[in-house]
Protein chains: 2
Amino acid sequence: MDMKLKIPYKLEVTCSNCNLLKKCMPLGLNNYELTRIDELVSQRIRVKRGHDLSRLKNGQQSLYIIRTGYFKTVISTNDGRDQVLGFHMAGDSIGLAGELSELYSCQVIALEDSTVCIVPFSNVEEIANSVKGLHSHIRHLYSLEINRENSVMLFLGSMNSEERVATFLLKLSASHEERGFSPIDLNLKMSRYDIASYLGLKHETVSRTLAKFIKSKLIILNLRELKILNLVALNSIATDKH
Amino acid sequence: MDMKLKIPYKLEVTCSNCNLLKKCMPLGLNNYELTRIDELVSQRIRVKRGHDLSRLKNGQQSLYIIRTGYFKTVISTNDGRDQVLGFHMAGDSIGLAGELSELYSCQVIALEDSTVCIVPFSNVEEIANSVKGLHSHIRHLYSLEINRENSVMLFLGSMNSEERVATFLLKLSASHEERGFSPIDLNLKMSRYDIASYLGLKHETVSRTLAKFIKSKLIILNLRELKILNLVALNSIATDKH
DNA sequence: CGCACGGTTGACCTGTATCAAGCCGGGTGG
DNA sequence: CCACCCGGCTTGATACAGGTCAACCGTGCG
């Protein structure tokens, strides 16, 4: 089971022919810079569903960019507590937390078979003087991550269950749309348990809340196939001053 | 009231004679590098209690490093929801979220009269080639912030009120100790309302939980003077598998 | 093919929110 | 300088959202 991880299958892709380039490195690169960017990526690998990307760590601090697939990040303490911190899809960067605290550990679990590009920061340091704006782009990635986490803290700290679930569906919808997929036909890659953990609820509560949304014709749900019928109403549940 | 903000009083301090240097820029700098580091800081300013540091933004993205004093960061949505994201004291860096989402805004409120160094990222870019390790130090600051937020999400998502309050007191204690202050005699700079928002509770619940801790002789509390009597017990409340 | 796990639903319980009253301390204005 | 007042804080009574426990179902994975 671990073989696939230990002897990663190298993918026949370069940044130059990658259709995510514009989202991944939106720097307006010329040809010379493009070939340097290719040198950033030390490996392009496959990760099987259920496997933990963070166990790939080879000592050097790296950025992981999702090419295809779906991941969840999970934090767990030594006293058995754990918490889903986020879900991530094609084009997202993970691994920004860097060297981890000794108090808890982070996992990055593939929710479906996925492919990932690995960018060691040492490569960034080396190539940054040839590629204008690379450092500030990396900084931008960090900002995005911090802003994302801020919005998670907002609903964890101040929303009731309906608001949380509605917010979750809307974010999912938005990130699908951003990538050119339908914003109303969603295929949930994560379990109700994952959603519950992410939202700071129990899985029964997630189930019940979704059932409520079905009853009031906001969504249709069949296992993990979800269709949003009323984005406007969901939005007002998520954002109305209570 | 805004005058102090608009015409900031410049402080007579340089990095070279700042006693926070080792925490702020732990790079083992030589004299040449030290003078370059001084150029990083565009301004050293005072911020009065209650004022919002984020309103200083002059367009360019900057890092703010607390020299003295105490701050809280707050996120607020246009639908009137808000949430304290963290508390910050001397040596901490803030402003890493950078350019903010249009969905919500962040404030950085001084909880007492404070002083702050402002480091525009454009200066970092300029000086980084003279100071080895500066970029990776900045990256380290981001990692710290993300790890801090991860731990906040952990308790927001998975802890009951006693665990949250105990965790809060322990973190406070640890950050005081880290700065050479007593880890058991704490002076709370923030209100019960601030604590409640940070912990995702109501202020009454915080009050009651503290009262419980007083009753079981874990702490003594007089207004905002707090003495921790039993760190061990607090720790087991915070981390025991329930 | 079978079983374990993800998911749903119901009944009940409890922790935290809500509502309300009152206290204390510090800042402000007369 | 004192009195007042307002905001921060505490404490009690009550309500209810969401957690807990339990039973059952479907399905997809091995």
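Note that this is a predicted model, so its numbers are computed, not measured. Chain naming here is simple, since letters A, B, ... match the order of the sequence lines and numbering starts at 1 in each.
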Check: What about F71(B) and H88(B), are their ring centers closer than 6.0 Å?
Finding: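 No - the distance between ring centres of F71(B) and H88(B) does not fall below the 6.0 Å cut-off.
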Notebook entry, point to check: Do Y198(A) and Y193(A) have ring centres separated by under 6.0 Å?
Noted result: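 No: the rings miss the under 6.0 Å criterion.
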Which nucleotide wins on minimum distance to the side chain of [X], given the candidates [options]?
X: E204(A); options: dT18(C), dG7(C), dA22(D); result: dA22(D)
X: N160(B); options: dT16(C), dT11(D), dG6(C); result: dT16(C)
X: S207(B); options: dT10(D), dA17(C), dA22(D); result: dT10(D)
X: A211(A); options: dA17(C), dT9(C), dG7(C); result: dT9(C)

Could you tell me how far apart [X] ([atom1]) and [N] ([atom2]) are, to the nearest whole angstrom?
X: K212(A); N: dT8(C); atom1: NZ; atom2: P; result: 14 Å
X: L201(A); N: dA17(D); atom1: CG; atom2: P; result: 14 Å
X: I195(B); N: dG8(D); atom1: CD1; atom2: P; result: 13 Å
X: D194(B); N: dC9(D); atom1: CG; atom2: P; result: 8 Å
X: M190(A); N: dC5(C); atom1: CE; atom2: P; result: 21 Å
X: N222(B); N: dC24(C); atom1: CG; atom2: P; result: 13 Å
X: L111(A); N: dG6(C); atom1: CG; atom2: P; result: 12 Å
X: K202(A); N: dG10(C); atom1: NZ; atom2: C1'; result: 19 Å

Would you classify [X] as touching base, sugar-phosphate or nothing, given that sugar-phosphate means primed atoms plus P, OP1 and OP2, and contacts are heavy atoms under 4.0 Å?
X: R164(B); value: nothing
X: L223(A); value: sugar-phosphate
X: L210(A); value: nothing

Does a side-chain N or O from [X] land closer than 4.0 Å to OP1 or OP2 of [N], or not?
X: R208(A); N: dG19(D); answer: no
X: S161(A); N: dG18(D); answer: yes
X: T205(B); N: dA17(C); answer: yes
X: R192(B); N: dG8(D); answer: no

Check: Does one side chain, of S151(A) or K171(A), offer a donor that lies under 3.5 Å from an acceptor on the other?
Finding: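 Yes, side-chain donor-acceptor contact under 3.5 Å.
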Check: Are a donor atom and an acceptor atom from the side chains of T115(B) and T68(B) found within less than 3.5 Å of each other?
Finding: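 T68(B) and T115(B) do have a side-chain donor-acceptor pair below 3.5 Å.
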Notebook entry, point to check: When the nearest nucleotide of DNA chain D is assigned to M159(A) and to H203(A) on a heavy-atom basis, which residue is associated with the more 5' position?
Noted result: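 Closer to the 5' end of DNA chain D: M159(A).
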Notebook entry, point to check: How about K212(A) and V165(A): do any of their side-chain heavy atoms sit closer than 4.5 Å?
Noted result: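 No - every pair of side-chain heavy atoms lies 4.5 Å or more apart.
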